[in-house]
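Note sheet for the following structure.
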Protein chains: 2
Amino acid sequence: MQEPTLLLLTALADQPRHGYAITQEIRKISDGQVTMRTGTLYGALERLLKQGLIEVHREEVVDGRLRRLYALSDEGRERLAGEAERLAATAREASRRLGVFGSGAAGSPRPSAATS
Amino acid sequence: MQEPTLLLLTALADQPRHGYAITQEIRKISDGQVTMRTGTLYGALERLLKQGLIEVHREEVVDGRLRRLYALSDEGRERLAGEAERLAATAREASRRLGVFGSGAAGSPRPSAATS
DNA sequence: ACAATATATGTCGCCCAACGACATATGCGC
DNA sequence: GCGCATATGTCGTTGGGCGACATATATTGT
C-alpha cells in the first residue's frame with residue numbers, strides 16, 4: 001500500500017468524512033506536505049470500496065448536491081493498523097541502520113532487545 | 001518514495017552490498033515479508049544511481065563475473081533519514097488516530113501520547 | 001454586477017515504479 | 001547430470017498516483 005492510500009485511510013480513522021474533507025484532513029495530517037489530487041482521491045475511494053477497506057457511511061444532500069460520507073470498515077481498520085505498524089518498523093530499522101539512536105530526532109527508538 | 005526503494009536504501013545503510021546481497025538483506029530487514037524481484041532491483045539501482053542517491057562503491061571480479069558493489073551516497077543517506085522520519089510520523093499519526101477513535105466525538109481530539 | 005476563491009464531485013490520459021517472467025552463467029552438493 | 005544457490009540482467013504489463021480538465025454552488029471582495 002502506498003502512502004497516499006495510507007493517508008486516506010488515516011483521514012477516516014477518527015470519523016467518517018466526505019471526499020473534499022478527506023483532502024483537507026490529509027493536508028493537515030501531513031503538516032501541509034501532501035495535497036491529494038482529486039484524480040488520486042476518487043480513484044482510490046472507488047478502489048478501496050471495492051476492496052472493502054472503506055464503506056459508504058451515509059449519503060446526504062447539501063445544497064441540492066449529493067455528499068457521500070465514507071467510513072473506515074473493520075477490515076480497513078485492521079489493515080491500517082497493520083500497515084502503520086509495518087511502516088513504523090521499517091522506518092525504525094532504517095533509522096537504526098543509519099546510526100540514529102535516541103538522539104531525540106524521530107521519537108525515541110531506544111534500542112530494545114531485538115538487535116537484529 | 002515507495003517502500004521497496006526505501007528498503008533498498010536501508011539495505012545499503014550499514015555497508016556497501018552487491019545486487020543479490022541487497023535482495024537477501026531486504027528479506028532480512030522485512031522479516032521475510034518482502035522479496036525484491038530482480039526486475040525491481042536493477043531498475044531501482046539504475047534509477048537511484050542516476051538520482052545520485054547511491055553510487056558504485058567498488059567493482060570486483062569473482063569467478064570471472066563482474067560484481068558491482070553499491071553504496072549509499074551522502075545525499076542518499078540524508079534522503080533515507082528524511083523519508084524514514086516522515087514515514088515514522090505518518091505511521092505514528094495513523095496509530096494515534098486508530099487509538100483515539102470514538103472517545104472524543106467530534107470537536108477537540110486532545111493529543112494524548114498514549115499510543116506506542 | 002462581476003470576479004475570485006472556497007467548497008464539492010468527478011473524468012481522462014499519461015507516467016513511472018513495481019512486478020512477473022524469462023534469459024544467462026558459475027559453483028557446489030547429491 | 002541435475003537441481004539449487006549465487007549472481008546479473010532484460011522486457012512487457014499492471015496499477016497507483018498525477019496533472020489537467022469539467023462542472024456547479026456559495027461566499028467574499030471590489
Side-chain angles (χ1 to χ4, degrees), chain A residues 1-12 16-30 32-51 53-54 56-70 76 79 83 86-87 90, chain B residues 1-12 16-28 30 32-51 53-54 56-70 76 79-80 83 86-87 90:
Chain A
M1 182 190 293
Q2 260 129 307
E3 268 187 272
T5 302
L6 186 124
L7 285 168
L8 198 161
L9 294 182
T10 303
L12 294 176
R17 283 186 170 88
H18 62 278
Y20 188 74
I22 292 174
T23 61
Q24 290 178 305
E25 196 64 18
I26 286 178
R27 183 173 287 146
K28 208 170 99 181
I29 293 172
S30 66
Q33 302 295 303
V34 180
T35 298
M36 177 167 282
R37 316 281 162 174
T38 56
T40 305
L41 176 71
Y42 292 103
L45 285 174
E46 224 171 293
R47 179 173 24 101
L48 293 169
L49 277 175
K50 212 177 292 175
Q51 291 176 354
L53 299 187
I54 62 174
V56 176
H57 178 248
R58 190 161 45 99
E59 283 177 334
E60 53 184 30
V61 177
V62 179
D63 296 322
R65 274 145 47 222
L66 185 68
R67 182 187 285 178
R68 201 172 282 126
L69 286 147
Y70 301 89
R79 182 69 185 281
E83 289 286 330
R86 208 173 47 72
L87 229 66
T90 303
Chain B
M1 183 189 295
Q2 259 130 308
E3 268 186 273
T5 302
L6 187 123
L7 284 168
L8 198 160
L9 295 182
T10 302
L12 294 177
R17 284 187 169 87
H18 62 278
Y20 188 74
I22 292 174
T23 62
Q24 290 177 304
E25 196 64 18
I26 285 178
R27 182 173 286 145
K28 208 171 100 181
S30 67
Q33 302 294 303
V34 180
T35 299
M36 177 167 281
R37 316 281 162 173
T38 56
T40 304
L41 176 71
Y42 292 103
L45 285 175
E46 224 170 293
R47 180 173 22 102
L48 293 170
L49 276 175
K50 212 177 295 177
Q51 291 176 354
L53 300 187
I54 62 173
V56 175
H57 179 248
R58 190 161 44 100
E59 283 178 334
E60 52 184 30
V61 177
V62 179
D63 297 321
R65 275 145 46 222
L66 185 69
R67 182 186 287 177
R68 201 172 282 126
L69 285 148
Y70 300 90
R79 181 69 184 280
L80 177 57
E83 289 285 329
R86 207 173 47 72
L87 229 65
T90 303

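Each chain gets a letter, A, B and so on, in the order its sequence line appears, and its residues count up from 1. Since we're looking at a predicted model, the values are computed, not measured.
Remark: A:R68 is in phosphate contact with C:dG10, judged by side-chain N or O atoms under 4.0 Å from OP1 or OP2. Put simply, B:R67 has a side-chain N or O that comes within less than 4.0 Å of OP1 or OP2 on D:dA7. One finds no side-chain N or O of B:R65 lying less than 4.0 angstrom from the OP1 or OP2 phosphate oxygen of C:dT26. OP1 or OP2 of D:dG16 has not a single side-chain nitrogen or oxygen of A:T40 nearer than 4.0 Å. Residue A:Q24 places at least one side-chain N or O under 4.0 Å from the OP1 or OP2 atom of C:dT7.
When the nucleotides D:dG17, D:dA7, C:dT9 are ranked by their closest atom to the side chain of B:H18, D:dA7 comes out on top. Among D:dG16, C:dA18, C:dT11, the nucleotide with an atom closest to any side-chain atom of B:R47 is C:dA18. When the nucleotides D:dG16, D:dC18, D:dT10 are ranked by their closest atom to the side chain of A:T5, D:dG16 comes out on top. Across C:dA18, C:dG10, D:dT10, the shortest atom-to-atom separation from the side chain of A:Y70 is found for C:dG10. Residue B:Q2 places its side chain closer to C:dA18 than to any other of C:dA18, C:dT7, D:dG9. When each of C:dA18, D:dT8, D:dG19 is scored by its nearest atom to the side-chain atoms of B:Y42, the top-ranked nucleotide is D:dT8. Considering only the side chain of A:P4, D:dC18 comes nearest among C:dT11, D:dC18, D:dT10. Of the candidate nucleotides D:dG9, C:dT9, C:dT7, C:dT9 has the atom lying nearest to any side-chain atom of A:T38.
A:E3 comes within contact range of no nucleotide atom at all, as no heavy-atom separation falls under 4.0 Å. Using a 4.0 Å heavy-atom distance criterion, B:L66 is classed as a sugar-phosphate-only contact. A:G39 comes within 4.0 angstrom of a base, heavy atoms only.
Protein atom CD1 of A:I26 is 15 Å distant from nucleotide atom C1' of C:dA8, rounded to whole Å. If you take CD1 of B:I22 and C1' of D:dA7, they are 12 Å apart, rounded to a whole angstrom. Here D:dT8 presents its P atom at 14 Å from CE of B:M36, a figure rounded to the nearest Å. Nucleotide D:dT8 holds its P atom 10 Å from the OH atom of B:Y20, rounded to whole Å. Atom CG of A:L45 is separated from atom P of C:dG10 by 9 Å (rounded to the nearest Å). To the nearest angstrom, P of D:dG16 lies 12 Å from CD of A:E46. Regarding B:L49, its CG atom lies at a distance of 11 Å from the P atom of D:dG9, rounded to whole Å. When rounded to the nearest whole Å, the span between CD of A:E60 and P of C:dT7 equals 16 Å.
With salt bridges taken as basic N to acidic carboxylate O contacts below 4.0 Å, none links B:E46 and B:K50. Note on A:R58 versus A:E60: salt bridge recorded, some NZ/NE/NH1/NH2 to OD/OE distance being below 4.0 Å.
Looking at A:T38 and A:Y20, their side chains never come closer than 4.5 Å, going by heavy atoms from C-beta outward.
Side chain of A:T90 to main chain of A:R86: a donor-acceptor pair is present (N/O by atom type, distance under 3.5 Å, no hydrogens or angles).
Heavy-atom nearest nucleotides on DNA chain D were determined for A:R37 and for B:L41, and the one closer to the 5' end corresponds to B:L41.
Across all their heavy atoms, A:A11 and A:R17 have their closest contact at O-NH1, 2.7 Å.
Of the candidates B:L12, B:T10, B:L6, B:L12 is the only one forming a side chain to side chain contact (heavy atoms under 4.5 Å, CB included) with B:L8.
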